[in-house]
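Reading through the C-alpha cells given below for one structure.
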Amino acid sequence: MRNAQRPASAQEAVATAQLRCRTQDHQLHSFISLSPTALDEAKALDAEGARGRPLFGLALGVKDLLDTAGLRTTCGSAAFRDHVPEKDDVLVARAKAAGAVIVGKTNTPEFGFGALCANAICPSTANPYDLSLSSGGSSGGSAAAVAAGLVPAAIGTDFGGSVRTPAAFCGVVGLRPTAGLLPSPTRAIAWDSLPTAGLLTRDAAAAGRLLDALAGPDARDPMSWRAASSAPAALTRIAVSRDLGVAPVARDVRMRFDEAAAALSAGSSGLVEDHPDCAGAMAAFATLRAGHIHHNLSPLARKHGDKLAATVRWNIARGEGLAASAFLAAEAERSALFRRFVAFFERHDVLVTPAAAVMPFGVNSGEVTEIDGRPLESLIDYLAITAIITLTGCPALSLPYWPQGDRLPIGIQLIAAPGRDHDLLAFASALERRDGFGFRPPAAFRENFP
C-alpha cells in the first residue's frame, strides 16, 4: 500500500485483516478458506522480535492453487474440498520465513481455468468497484481481496493472463515476473515456463518488496535463477500497441487505452506506436497450453471426471491426440517470437498494451465467447493480449489507469525485456505519481483506507 508504515505488531496487522475478512468478504467471496492459526503465528513473530524480517507482519492472501501446510488447499475443486497439504509451496515457505502471515486462501476457478472466479465450493468473486461485476479469472480472489483492503498483498498464478486480467479489472498492480524468477520445484514438467506465480499489490513498490522476498533459485527447478542486484535503469524508449496487431480487444477498452497512451505521451519524449510481429503466436500458445494441460491433468480427469467443471474438461480435452510434430512446431514458433521480442527491446525499453481485452463483465456471466459481437473461436482467445506475452517469458505488469469520468479503471500492461523486472517496477512507480495512474480505493471499502 502506498506510503504504508510497517505495522506496530504482526498481531495488529493480522487481526485487522481477519476482522475485515469476517465482516466484509461476504460481499466479495474473495477467500475460500481462512487460516485458524494466523493470529497465533503473528503472536509468535512478535514474541521472536522478528521486525527485521523484510515482510514482517504482512497479512498475505495466497491463491488456492498453492499448497499451504495444515491449511485447506482445494484448487477450487470439489474433488479436493477436504485436501490439507503437509508441506508449504516454496513461495509460501519463503513468505513465512520473511515474516509474512498467511491469512487465507483466495478464490479461483477450478484449477485456475475460467474467466470467472467461481467453483463448486465458493460463489463467484465480485469486483470491489461494482459488486455486480466480476473480478476476473483466475486470480480474481487475490485481486479483489487486495483492492478491497482485506489484505495488502496476495500471491496469484498466471498462465495466459490470470494475474494481469484480474489486476486490470480490480485496479491493482499485477506482476507476472520473468519466467523462472519465482521458482516452482513441484512442476510436473520442470522445464515448463508458461505458468508462473505472480504478485498482486496496491502499488509497484510493494510488489518489488514481495518479489525480493520470494525470488531466487531453487535447485529442484532448472528454470529458476537469481536476479542481478543493481540499481534500476530508466526505461525511456516507450512503444505502445492497442492489440499487438493480432489480439481481439474491445472498442471500449481501445478507447480508454488511447487515453492512457495520450497521458503517457504527455510526459515522454520517446513514445511511438510499435510492436513485434506476433502473427501465429496465439495459435502456438493454444497448442502448447493444450499439450501441457492434457499431460498434467488427464490422470485427474480419468479419476474425477464426473466432479470436474465443464470448463476444466474442455481444457483437458483440447490436448487429446495432439501430435508431437504440432507441439514442436508451436515451440519453434515460440522461439522465433522470443527472438523477435529480443530484437524489439534493442530499439525500445518498454512495450505498453491493454492488460485485458474486455471491461469487467457480470459477476455470474459465463465464459468470454465474443468481443464486440464477434464470436471468438475458443474460450481462451480473449486472453491473447496477455497470453502472447506469456510465450516470451518477459516480465509484464498490469498498472491501473483511470479514464476521465470513469468509475472503473483499466489496466495497462507494461512489458520489458527478460530480467528487467526491477526496471519495470521502477517505471511503474514513476507512473503512479502521475495523474490518472495508480490505485484508488473502492468507495464501498473506503473505510479500510484511512
Notebook entry, point to check: Could you walk me through whether D25 and S30 pass the side chain to side chain donor-acceptor pair (under 3.5 Å) check?
Noted result: CA-CA 6 Å; D25 197 42; S30 63; 2.6 Å; yes

Does any N or O in the side chain of [X] come within less than 3.5 Å of the main-chain N or O of [Y], such that one atom is a donor and the other an acceptor?
X: R94; Y: D89; answer: no
X: T157; Y: T196; answer: no
X: Q413; Y: A356; answer: no
X: T125; Y: H29; answer: yes
X: R313; Y: L308; answer: yes
X: T178; Y: L181; answer: no
X: D423; Y: A234; answer: no
X: S77; Y: T74; answer: no
X: N127; Y: S134; answer: yes
X: T386; Y: G160; answer: yes

Margin query: Check the orientation of F361 and F169. Use parallel for under 30°, tilted for 30 to 60°, and perpendicular for over 60°.
Written below: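 F361 vs F169 ring planes: perpendicular.
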
Notebook entry, point to check: With under 30° as parallel and over 60° as perpendicular, where do the rings of F437 and Y401 fit, or are they tilted in between?
Noted result: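 Rings of F437 and Y401: tilted, as their planes differ by 30° to 60°.
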
Taking all non-hydrogen atoms of both residues, which atom of [X] and which atom of [Y] are closest, and how far apart?
X: P409; Y: G171; result: CG-CA, 3.6 Å
X: L391; Y: A284; result: CD1-CB, 4.4 Å
X: A428; Y: L399; result: O-CD2, 4.2 Å
X: A120; Y: R81; result: O-NH2, 3.7 Å
X: A197; Y: P177; result: O-CD, 3.5 Å
X: S398; Y: A355; result: OG-CB, 3.3 Å

Next item on the list: Take R202 and F449, measure what side-chain contact (heavy atoms from CB on, under 4.5 Å) needs, and give me the verdict at the end.
Entry: CA-CA 11 Å; R202 288 191 285 274; F449 303 93; 3.4 Å; yes

When you look at [atom1] of [X], are more than 12 heavy atoms from neighbouring residues, nucleotides or ligands closer to it than 6.0 Å?
X: E377; atom1: CD; answer: no
X: R251; atom1: CZ; answer: no
X: R334; atom1: CZ; answer: yes

Next item on the list: Please report the C-alpha distance between L150 and L28 in whole Å, then the side-chain angles of each, then the deciding distance to 0.1 Å, and finally whether the side-chain contact (heavy atoms from CB on, under 4.5 Å) criterion is met.
Entry: CA-CA 10 Å; L150 306 189; L28 293 170; 4.1 Å; yes

Distance, nearest 0.5 Å, that separates [atom1] of [X] from [atom2] of [Y]:
X: L271; Y: I238; atom1: CG; atom2: CD1; answer: 5.5 Å
X: I412; Y: L431; atom1: CD1; atom2: CG; answer: 6.0 Å
X: L408; Y: L133; atom1: CG; atom2: CG; answer: 6.0 Å
X: L65; Y: T73; atom1: CG; atom2: OG1; answer: 9.0 Å
X: F113; Y: T108; atom1: CZ; atom2: OG1; answer: 9.5 Å
X: L351; Y: H275; atom1: CG; atom2: NE2; answer: 9.0 Å

Next item on the list: Kindly indicate, with the supporting measurements, whether the criterion side-chain contact (heavy atoms from CB on, under 4.5 Å) is fulfilled by V103 and L60.
Entry: CA-CA 6 Å; V103 172; L60 188 65; over 6 Å; no

Next item on the list: Would you check, one step at a time, whether the test salt bridge (charged side-chain N to carboxylate O under 4.0 Å, His left out) holds for E333 with R339?
Entry: CA-CA 10 Å; E333 176 58 42; R339 291 170 185 138; over 6 Å; no

Do [X] and [Y] come within less than 4.5 Å of each other through their side chains, counting heavy atoms only?
X: T201; Y: F439; result: no
X: L210; Y: L58; result: yes
X: L211; Y: L182; result: yes
X: N315; Y: L297; result: no
X: I380; Y: R289; result: yes
X: V92; Y: D67; result: no

Next item on the list: Give the C-alpha distance, both sets of side-chain angles, the deciding distance and a yes or no for salt bridge (charged side-chain N to carboxylate O under 4.0 Å, His left out) between R347 and D274.
Entry: CA-CA 10 Å; R347 307 190 308 273; D274 197 7; 3.3 Å; yes

Got a salt bridge between [X] and [Y], using NZ or NE/NH1/NH2 to carboxylate O under 4.0 Å?
X: D192; Y: R187; result: no
X: R420; Y: D349; result: yes
X: E259; Y: R242; result: no
X: D243; Y: R254; result: yes
X: E41; Y: K96; result: no
X: D64; Y: R72; result: no

Item checked: is_close_aromatic(F338, F344), centroid dist under 6.0 Å ->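 Judged by ring-centre distance (under 6.0 Å), F338 and F344 do not meet the cut-off.
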
Next item on the list: May I ask you to check whether W402 and Y129 place their ring centers less than 6.0 Å from one another?
Entry: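 Ring centroids of W402 and Y129 are less than 6.0 Å from each other.
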
Check: Should N119 and N107 be marked as a side-chain contact (heavy atoms from CB on, under 4.5 Å) after you check the CA-CA gap, both sets of side-chain angles, and the distance that decides it?
Finding: CA-CA 8 Å; N119 53 63; N107 201 9; 2.8 Å; yes

Check: How about S139 and K63: does a side-chain donor come under 3.5 Å of a side-chain acceptor?
Finding: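 Short answer, yes.
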
